[in-house]
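Written below as structure tokens is the structure these notes are about.
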2 protein chains.
Amino acid sequence: MPQIKQPSIKTLKGLQTEVQSINRIALSVDCVIFGFDENKLKVLLIRSDVKKFIGMWSLLGDLVKPEEDLDSAAYRILKQRTGLKDIFLEQVHTFGETGRHPAGRVVTVAYCSLINIQNHRLRILDNELHWHDANSICDMAFDHQVIFNSCYKWLQKRVQEHPLGFNLLPNKFSLRELQNLYEAILNKKLDRRNFRKKFFAMDFLVDVGEDEQNVPHRPGKLYKFNFEKYEKKKKKWPGIDF
Amino acid sequence: MPQIKQPSIKTLKGLQTEVQSINRIALSVDCVIFGFDENKLKVLLIRSDVKKFIGMWSLLGDLVKPEEDLDSAAYRILKQRTGLKDIFLEQVHTFGETGRHPAGRVVTVAYCSLINIQNHRLRILDNELHWHDANSICDMAFDHQVIFNSCYKWLQKRVQEHPLGFNLLPNKFSLRELQNLYEAILNKKLDRRNFRKKFFAMDFLVDVGEDEQNVPHRPGKLYKFNFEKYEKKKKKWPGIDF
DNA sequence: ATTTATTGTGTAATTTACACACATTATAAA
DNA sequence: TTTATAATGTGTGTAAATTACACAATAAAT
């Protein structure tokens, strides 16, 4: 375990308050892990076993270790819970009210993660884990309802400015799936023809030359998202129907 | 001083890592305090006296006390440094890399504040404080350049979505002053006539029936921003020239 | 072959953004 | 008093983006 220097009074000038052990605070990360399945936006929750909140749903979180970067802590939690690496992760907000945790002072940094559920099957052991409908959550532990709402709003805004949504879809997807995703996240109906027009105009979708399978009607073409093309263009991601 | 319970192993189930004293981390707040003067965007900085960064500019920060809300800590720092209360303050991002502070592990939460410089004269004692040009900063201590850049970008985006800018202006201002402010923040020239049209269309500006004084040309009308009208309308704040 | 459900394509109307022109009004100088 | 100057204040026309809506094409089920 690497040795981390603790701040001393002498070396922390510029910070007015004297640095003492009493000034250290427990710091945690809470991950709001979004998924998309059966045309619904989902969020991965775990049942709380904290006495005060027994049986209620809570986000996946853990304490940050002194020798560990904040982002690394978030990735660690994701890997522990989902077994996945190289997935989308972004910091959203830090919640630091004194009364937010019944056991004492814990400041928590909320991260959002978007996961392709197809690539992730929950471990059998984790029967306390559950993909919960994002639009029908109640009775969350701690201030997790506040944190979740904040992250949900963040997601709604973010998907209209950047191509995050693709992280929730399989590599190959139909335009209908893409639209279902946006409708689920934004919680509103969109016009199919204008949606289509908008996304093709962006020129980031690549026709993979395959069709949908096992649909009881005309199958749609499958596309994949071309991240490289997006990076190169640096084109502003347009809004999707306001 | 209020007594804050420290987390114990038993009561913190749900957090996987055991909670011990070693898991507590020094937490600080750094404020990026923006002002506007002489048609320039300014930021309030202090000379660092940390040995490694001696003479370099740093943001105004302090440690968060265990019994103090995160937001409260930011307001406390603002009050200590500027003497002002009831001013704009918003959390932007948390920086938590292990190597960011030479004295040890300090995670810092960055807050942005917008101040009307007219209402604030620096105390004579604080001769290490300086309103620095936001567009010509170099040699900042710690990772404060990264934090500042992040907050500056945040501001540029935010003023195009919400009416924050008014916090940087006096209560009564001319449209030219308002435009100068936006040009300074966005660092680009805007068309005077379209700017004017856009802001009047929003219908949040109130003519106070006075004119500019001491200008060597036709004086402009003075306006004030009507926050109540803005709250009521809940109208989307339109973009200001992209 | 017909029905059904959904994909794929287009077009016109409306709104918004952008580029630009000109009259008005105060100060300052001749 | 007149004129020059440097802004403010008010348009107008064109291009671009958004929105609303219509219809043909295709695969599956009957």
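Chain letters run A, B, ... following the sequence lines, proteins first and then strands; every chain starts at 1.
- With sequence neighbours left out, Lys40(B) forms a side-chain contact (heavy atoms from CB on, under 4.5 Å) with Lys42(B), Asp133(B).
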task = Could you please spell out the steps behind the salt bridge (charged side-chain N to carboxylate O under 4.0 Å, His left out) verdict for Glu183(A) and Lys188(A)?
result = CA-CA 5 Å; Glu183(A) 289 183 339; Lys188(A) 68 157 81 161; over 6 Å; no
What pairs of nitrogen or oxygen atoms, one from the protein and one from nucleotides 12-14 of chain D, lie under 3.5 Å apart?
{"from": "dT12(D)", "atom 1": "O4", "to": "Lys197(B)", "atom 2": "NZ", "distance (Å)": "3.0"}

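- Shown here are the side chain to side chain donor-acceptor pair (under 3.5 Å) partners of Asp139(A), two or more places apart in sequence or in another chain: there are none.
- Under the 30°/60° scheme for interplanar angles, the aromatic rings of His132(A) and His130(A) are found to stand perpendicular.
- Atom CD in Gln179(A) sits roughly 12 Å away from atom C1' in dT7(C) (whole-Å rounding).
- Between the CG atom of Leu190(B) and the P atom of dA17(C) there is a distance of 14 Å, rounded to whole Å.
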Distances for protein N/O vs nucleotides 3-8 of chain D N/O pairs under 3.5 angstrom?
{"from": "dT8(D)", "atom 1": "O2", "to": "Arg218(B)", "atom 2": "NH1", "distance (Å)": "2.7"}

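- If you measure from atom CZ of Phe195(A) to atom P of dA17(D), you get 18 Å, rounded to the nearest angstrom.
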Show me, pair by pair, the donor-acceptor contacts under 3.5 angstrom made by side chains of residues 213-224 of chain B, not counting sequence neighbours?
none

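- With sequence neighbours excluded, the residues satisfying ring-ring contact (aromatic ring centres under 6.0 Å, His included) with Phe173(B) are Phe166(B).
- One interatomic measurement links the two molecules: CG of Asn180(A) to C1' of dT6(C), which rounds to 12 Å at whole-angstrom precision.
- For residues 169-178 of chain B, the set of pairs meeting the salt bridge (charged side-chain N to carboxylate O under 4.0 Å, His left out) definition, not counting sequence neighbours, comprises Lys172(B)-Glu210(B).
- If you take CG of Asp191(B) and P of dG11(D), they are 16 Å apart, rounded to a whole angstrom.
- Taking Lys153(A) as the reference, nothing meets the side chain to side chain donor-acceptor pair (under 3.5 Å) condition, with sequence neighbours excluded.
- Contact of Arg193(A) with dA22(D) (side chain to base): a donor-acceptor pair of N or O atoms is detected under 3.5 Å.
- Rounded to whole Å, atom C1' of dG9(D) lies 15 Å from atom CG of Leu222(B).
- Taking atom CE on Met202(B) and atom C1' on dT16(C), their separation rounds to 13 Å, with Å as the unit.
- If you measure from atom CG of Asp211(B) to atom C1' of dT24(C), you get 13 Å, rounded to the nearest angstrom.
- Take Asn149(A) and apply the side chain to side chain donor-acceptor pair (under 3.5 Å) test, not counting sequence neighbours, and it matches Gln145(A).
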